[in-house]
Engineer: 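Below is one structure. I have some questions about it.
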Amino acid sequence: MVVPSPTSSKITSNKTRAMGIPTIDLSMERSQLSQTVVKACEEYGFFRVVNHNVPKEVIARLEEEGAEFFSKPSHEKRRAGPASPFGYGFTNIGPNGDIGDLEYLLLHANPLSIAQISKTIANDSTKFSTVVKEYVEVVKEVTCEILDLVVEGLGVADKSGLSRLIRDFDSDSVLRMNHYPPLKVKWKGNKNSIGFGAHSDPQMLTIMRSNDVGGLQIYTREGLWLPVPPDPTNFFVMVGDVLQVMTNGKFMSVRHRALTNTSEARMSMIYFAAPPLDWWIAPLPEMVSPPENESVYKAFTWAQYKEATYSLRLGDSRLDLFRAQIDTHLLSSSQSQFQC
Ligand SMILES: C=C1C[C@]23C[C@@]1(O)CC[C@H]2[C@@]12CC[C@H](O)[C@@](C)(C(=O)O1)[C@H]2[C@@H]3C(=O)O
Ligand SMILES: O=C(O)CCC(=O)C(=O)O
Ligand SMILES: [Fe+2]
C-alpha cells in the first residue's frame, strides 16, 4: 500500500498527498504489492521500502567501513583517488566542472573490481572488500525483487526481464558512498549548502540509505523540493532514466539533490542498478502496444547513454537527446534549468 511516511501529514487531498513520501511494505500480499509499486513509480518515481529483510548487521558493517575511511587524513584518502570515475573523490563531481560540499567513494559493483579497488582504500582490504560485496549482494536482491514487482504490475510477459540485467555478471551497476561533513563556518540561523546538486540518476533503479541525518530532497511534480526524512534502517528507491525509457515514459526518473547539514555529518550509501554496457535500451514491447502507442525514445545502448551522460553536466537533461522526435528547442535546452 502507498502510505504516507510517519513524519508526513495524513493523505487527504491531492495537494497534501503530493507532500507525503510513499512507503512500500515488502511483506504485503504480492498482487497488491506489484500494483502499489507501479503506482508509486508512476506518481512519484520515488518511494521508501520497509520490511526488506536486509540484515541490519550488513548495513552496520558497511557504515562502519565508510566511517573509518572518511575519518582518515586527506593524504591517505587521496591515495584511493582521483575518482575517474571510480575511487575517492572530493568536491568535484564528474568530469565537467560540477562541484559539491562532499567527499565520496565510487565503486563498480562487480566483485572483481571491488576486490581490486579495495587495495587502494583500506589497510585491511580483504575485510573492506568482503563487507562491500556482502552489501552489494543484499541490496541487489532488493533491487531485483522490486524490478520483478514492476514487471508483474505492468503485465510484462518476461517475468524476470529486468532483474536478469542486474543479476548479469556484466551488469554495470555501481556503489557510491557519499560523506557530507558538517559546515565548518557556523552561520546565524540554518544555512545549508548544496552537497550534491539537482539531477536524475541515469541508471535503471537507485537504492539508497543514509545515516540518521537529513539532507536528501526530491523535486515533486508540483515543482517543490520535498525534504526526505532520514530513515537509517530502510531504503529509498528512485526511478532512473533507463526505467523511464523502458516504460516509454509511464514512469519518470525523479530529480533529487542533497543539502549538507550545518552541524552533523551525513553519510549515504547508494546502489545504482544498471544493465551491461552493450545492452540495447528501448521501451518494453508491452509499453508500446497497441501500436498507436509509439515509442517516445530511440533505441540506444547503455554505453551510448553513459557516454552522453558523462559528456554533460550533472543537472542536464540527457534523455532529451534520445527522444524519437527531437524538438530543436529541446536540444539547446538540454542544458537544464535545475543547476544548483
Ligand atoms: C557530473 C556527472 C557525475 C555523474 C556523471 C555526470 O557527468 C552526470 C551524472 C552523474 C551521476 C549521477 C548519479 C550517480 O551518482 C553517478 C555515479 C552516475 O552514474 O551519474 C554520477 C556520475 C559520477 O559522479 O561519476
Ligand atoms: O547522497 C545523497 O543523498 C544523494 C546523492 C545522489 O543523488 C547521487 O550520488 O547520485
Ligand atoms: Fe542521485
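Values reported hereafter were calculated over all heavy atoms of this structure, with side chains retained and with hydrogens, waters and symmetry mates removed. Counting convention: from 1, in listed order, for ligands and their atoms alike.
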Engineer: Between Leu106 and ligand 1, which part of the residue brings a heavy atom under 4.0 Å of the ligand: side chain, backbone, both or neither?
Structural biologist: side chain
Engineer: Cation-pi check for Phe272 against Arg176: NZ or CZ below 6.0 Å from the six-membered ring centre and within 45 degrees of the axis, yes or no?
Structural biologist: no
Engineer: Look at the aromatic rings of Phe300 and Phe322 and report parallel, tilted or perpendicular, splitting at 30° and 60°.
Structural biologist: tilted
Engineer: Which atoms of ligand 1 are found less than 4.0 Å from any heavy atom of Ile93?
Structural biologist: 1 (C), 3 (C), 24 (O)
Engineer: Using a strict cut-off of 4.0 Å, indicate which atoms of ligand 2 neighbour a heavy atom of Arg176.
Structural biologist: 9 (O)
Engineer: Taking the basic N atoms (NZ, or NE/NH1/NH2) and the acidic carboxylate oxygens, is any pair closer than 4.0 Å for Lys250 and Glu286?
Structural biologist: no
Engineer: What is the closest protein heavy atom to atom 2 (C) of ligand 2, and at what distance does it sit?
Structural biologist: Tyr180 OH, 3.2 Å
Engineer: Are Phe69 and Tyr88 an aromatic pair by the rule of ring centers under 6.0 Å?
Structural biologist: yes
Engineer: Short list, please: which atoms of ligand 2 are under 4.0 Å from a heavy atom of His256?
Structural biologist: 7 (O)
Engineer: I need the contact type for Lys306 against ligand 1. Using non-hydrogen atoms and a strict under-4.0 Å cut-off, is it side chain, backbone, both or neither?
Structural biologist: neither
Engineer: Measure across Ala122 and Lys72 and return the closest heavy-atom pair with its distance rounded to 0.1 Å.
Structural biologist: CA-NZ, 4.0 Å
Engineer: Return the minimal non-hydrogen interatomic distance between Ala109 and Ile114, and the atom names on each side.
Structural biologist: O-CD1, 3.5 Å
Engineer: Can a donor-acceptor pair be found between the side chains of Asn123 and Ser125 at a distance below 3.5 Å?
Structural biologist: no
Engineer: Which residue supplies the protein heavy atom nearest to atom 5 (C) of ligand 2, what is that atom called, and how far is it?
Structural biologist: Asn178 ND2, 3.3 Å
Engineer: What is the nearest protein non-hydrogen atom to atom 10 (O) of ligand 2, stated with its residue, atom name and distance?
Structural biologist: His199 NE2, 3.1 Å
Engineer: Which atoms of ligand 2 are found less than 4.0 Å from any heavy atom of Phe272?
Structural biologist: 8 (C), 9 (O), 10 (O)
Engineer: Which atoms of ligand 1 are found less than 4.0 Å from any heavy atom of Leu312?
Structural biologist: 7 (O)
Engineer: Counting from 1, what ligand 2 atoms have a heavy atom of Asp201 closer than 4.0 Å?
Structural biologist: 10 (O)
Engineer: Can you tell me which portion of His256 lies within the under-4.0 Å heavy-atom range of ligand 1? Options are side chain, backbone, both, or neither.
Structural biologist: neither
Engineer: Side chain, backbone, both or neither: which part of Asp98 has a heavy atom under 4.0 Å from ligand 1?
Structural biologist: side chain
Engineer: Are there any protein N/O/S atoms under 2.8 Å from the Fe ion (ligand 3), and if so, which?
Structural biologist: His199 NE2, Asp201 OD1, His256 NE2
Engineer: As an exercise, identify every atom of ligand 1 less than 4.0 angstrom from a heavy atom of Asp201.
Structural biologist: 13 (C)
